[in-house]
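Written out below as structure tokens is the structure these notes cover.
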Amino acid sequence: MKKNLSFALSRKHPVLHAISGSIMPSALAHWLGVRAIAIAPEQIAIREGLRAGVAVGTVMLLALNLGMPLMAWSAFAAFWTCLVDPGGLLRPRLKTMLTFAAAGTVITGVISAAAGYGTLPAFIGVGLCSFLCGLARMKGAIATQISVLAAIVGVVAVCYPQTPIGALHLSGLFILGAAWATCICMLAWPVDPYAPQRQACAAIFREQARMTRRLLEFAQPAEPESLMHQNAISAYRRDIRSRIEQTRAKIEVLSASTLTSRTRKTLLPAVEAADRIFIAVMAFEHAMLSGSPAPTPLARRTIRLLATTLQRVGREILSTKPRPEALQRQIRFLKLVGEREDDLFAKGARLCANALSDLQAAWQTPTAAPQQARPVAASAPTRPAPPNRLFLRHAARLSVAVMVAYAISLKLDLSYAYWAMMAVVVVTQPQVNTTLPRTIERVAGSIAGGLLAAIMGVLLPMWGILLLVFPLAAATIALRSVNYTLCVMFMTQLFVLVTDLVSPALGWDVALARSINNIIGSLVGLAACLLLWPERRSPPLATLITAAFKANMQYAALATNPQPVDWSTIEHARRKAGTTSTQAEIQYQQARVEGLRRAEYLNRSGEILFLLRKMAGAASVWWLEQTTPPSAIALQRADLYARLDKELSTSSQEGTPENSMTLDAILEQLRCLDLEIF
């Protein structure tokens, strides 16, 4: 049975991967990334979307044939059950969906019955339900996913007031839709449980290949770098660094089960190899951007060879059993390039060849891979678990916000009040920094989806709307891990058209109500995060930039040190420099979204962050070009960065505040440094 499943997956996967890869071009993804719009096109889940389309579409078809408008509740239950499916192994997936089905059934009956007794019981019921669901976040990521959707079930059920018998009937419709969706997800279109991890790992190599290939565009002297050009260069490094850290975290989780050990031993060495290759890619980029001297034909060939090799590795990782021999030819060519000369590109080729040789050895003998990769992974900074007080505050804030949105809906007599409360549940996050982007994405997706649904609802006949239920449900699930705005846009169209099917006379009003209620709910959720028990804000941008400056200075000091430095030490410093710069750049992008009133302040911040990326690239070059004995210029550079790093370390040990260095002082010091490599 296992052999047949593996064969089916390996045969179908390339076709679906090719389709998903063509939906979102890389150029568009990076154009959005420069503008702080997160998108992961490799995570398009076509099979999961098809399953959701079948689950929801069949229920709606049955509801229309039976003339039971209330059976739309079963369609919603089926959709939510597909949405809660976490993917992975069958047993955890089944447990998650059954837990949600049981919780949703109970919540449906209790809340709808409470609403049937009057407004006060409805307020108490929806408030208590929201509080308990918000508190469930402390149980982990899967519990968070279940709790958010369970809270959505509660806020929708409060708008379906029923007698106790009617509430029991509504609960039956919910469990019917949830059970049907569970059967479809478990039995239809078997999916590789580790496909998201493989796709994320392969995406690292593809992005590095694109970053490498675009270096040929810088072969000719370019015009002075504009702010957007700087952002585009930093976006590649920020994106790849974030992908490496996020993918490493996803793969490390697989070590808990023996069933996942082979996948972990295959993918974790690939992430470590990508991290090592990233050093050479940054060094190549810095050399090409410097523009002097002009790149040699050997440098151009090395760039093309490395880009082709990275693409090949990315394709091989997507296989359930990657072939070590598939890398042999590329490794041999890279070693050949590295042996011919002793310049920067030859040394980078040797570094990449050694990294790929270690990956090849790990794939040949996967049992030894974790011991080779674990020391580097262990040095990664870990985020401490947030205290329970954070979740208590979030649960109380969510409960109050939901009740406020419910009160506003009743006061204004808004149609479909549950859409406002749904927006509150989805938008309100434990931390305000994540609430603002979610609010913007939710409002944008709701407005776009509402307008499209209104046009389709008015122009299309009922059979045409019914046909659209399948692709809309499929698109929503397929894009849920790609981009939240796209997911909301398709989900809005799905909900509006399903409502239009059971109430066909409403037309444009459904889409308009959806958009208005979503805007109201999103604003209420944002206001709750800002006004109700506000937590301490994340460190200001200046503090994050200062931390990034110190981390990059430490990495530069280690990279220029003429004395041999342990690999794990310099690797930890490089990763710390990359992650701190990424955190500062994310905060910088969020500040740009918030407004332009601090334009000059943000311009200085952007220039500093770009110079820090140049420092990281220059440090990688200097580390690759170390010679024995070191040259006079290398010794002079090493003394300079060692002195600067010592001064920063001394100020930190003396208790100087992190943000004591002004941005002007940091910018002036970076401008004085020679970050060119020749």
Side-chain angles (χ1 to χ4, degrees), residues 33-34 208 211-212 214-215 217-219 221-242 278-293 295 299 303 344-345 348 544-560 570 573-586 588-589 602-626 633-634 636-638 640-641 644-645 648 661 663-678:
V34 172
Q208 285 187 332
M211 178 179 175
T212 304
R214 72 190 286 268
L215 297 182
E217 301 174 6
F218 305 127
E223 298 178 357
E225 294 154 344
S226 63
L227 179 61
M228 185 55 67
H229 182 61
Q230 296 176 8
N231 290 336
I233 293 172
S234 298
Y236 265 96
R237 297 191 185 185
R238 180 175 66 248
D239 179 53
I240 293 174
R241 169 51 56 194
S242 298
F278 194 34
I279 301 176
V281 176
M282 285 194 301
F284 292 170
E285 182 185 65
H286 191 79
M288 299 296 285
L289 288 173
S290 298
S292 176
I303 290 174
L344 169 68
F345 289 90
L544 295 177
I545 289 177
T546 302
F549 175 66
K550 292 181 178 180
N552 279 272
M553 190 64 71
Q554 183 181 25
Y555 172 51
L558 290 174
T560 56
I570 195 169
R574 184 181 66 84
R575 287 180 57 187
K576 184 178 179 181
T579 52
T580 53
S581 295
T582 297
Q583 292 171 359
E585 287 176 351
I586 292 174
Y588 163 71
Q589 296 289 356
L602 293 179
N603 287 339
R604 289 199 303 272
S605 301
E607 185 177 356
I608 291 173
L609 292 171
F610 178 68
L611 290 175
L612 289 179
R613 290 297 187 185
K614 289 189 70 174
M615 178 186 289
S620 299
V621 172
W622 297 329
W623 180 73
L624 282 174
E625 289 195 326
Q626 284 184 346
I633 296 178
Q636 184 180 3
R637 185 188 300 122
L640 171 63
Y641 282 96
L644 294 175
D645 180 55
L648 292 174
M661 295 186 65
L663 294 183
D664 290 333
I666 295 176
L667 182 58
E668 182 179 357
Q669 191 169 82
L670 287 173
R671 285 173 174 172
C672 292
L673 294 175
D674 183 13
L675 299 181
E676 306 301 331
I677 60 175
F678 298 103

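Not measured: the values here are computed from a predicted model.
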Return the OH to CD1 distance between Tyr588 and Ile608, rounded to the nearest 0.5 Å. 10.5 Å
Check the pair Arg214, Glu285 against side chain to side chain contact (heavy atoms under 4.5 Å, CB included), reporting the backbone distance first and the verdict last. CA-CA 9 Å; Arg214 72 190 286 268; Glu285 182 185 65; 4.0 Å; yes
Parallel, tilted or perpendicular: ring planes of Phe345 versus Phe284, cut at 30 and 60 degrees: parallel
So, taking the atom named CD in Gln554 and the one named OG1 in Thr580, what distance separates them when rounded to the nearest 0.5 Å? 10.0 Å
Work out which heavy atom in Ser242 is nearest to a heavy atom in Thr582; give both atom names and the distance. OG-CG2, 3.2 Å
In this structure, NZ of Lys550 is separated from CG of Leu644 (nearest 0.5 Å) by 13.0 Å
Determine yes or no for a side-chain-to-main-chain donor-acceptor pair under 3.5 angstrom, with Asn552 supplying the side chain and Ala548 the backbone. yes
Closest heavy-atom pair and its distance - Ala619, Ala556: CB-CA, 4.0 Å
Working to the nearest 0.5 Å, report the span between CZ of Arg604 and CD1 of Ile545. 9.5 Å
Walk me through it: do Leu611 and Leu673 pass the test side chain to side chain contact (heavy atoms under 4.5 Å, CB included)? CA-CA 10 Å; Leu611 290 175; Leu673 294 175; over 6 Å; no
Could you go through Phe278 and Met211, starting from their C-alpha distance and side-chain angles, then the distance that decides it, and tell me whether this counts as side chain to side chain contact (heavy atoms under 4.5 Å, CB included)? CA-CA 10 Å; Phe278 194 34; Met211 178 179 175; 4.0 Å; yes
What I'd like to find out is whether the side chain of Arg241 reaches to under 4.5 Å of the side chain of Arg574, using heavy atoms alone. yes
Nearest heavy atoms of Ala283 and Leu344, plus distance in Å: O-CD2, 3.9 Å
Spatial distance of atom CD1 (Ile240) from atom CD (Gln208) [nearest 0.5 Å]: 5.0 Å
Return the CD1 to CH2 distance between Ile633 and Trp622, rounded to the nearest 0.5 Å. 11.5 Å
Between Ala573 and Tyr555, which heavy-atom pair has the shortest distance, and what is it? O-CB, 3.9 Å
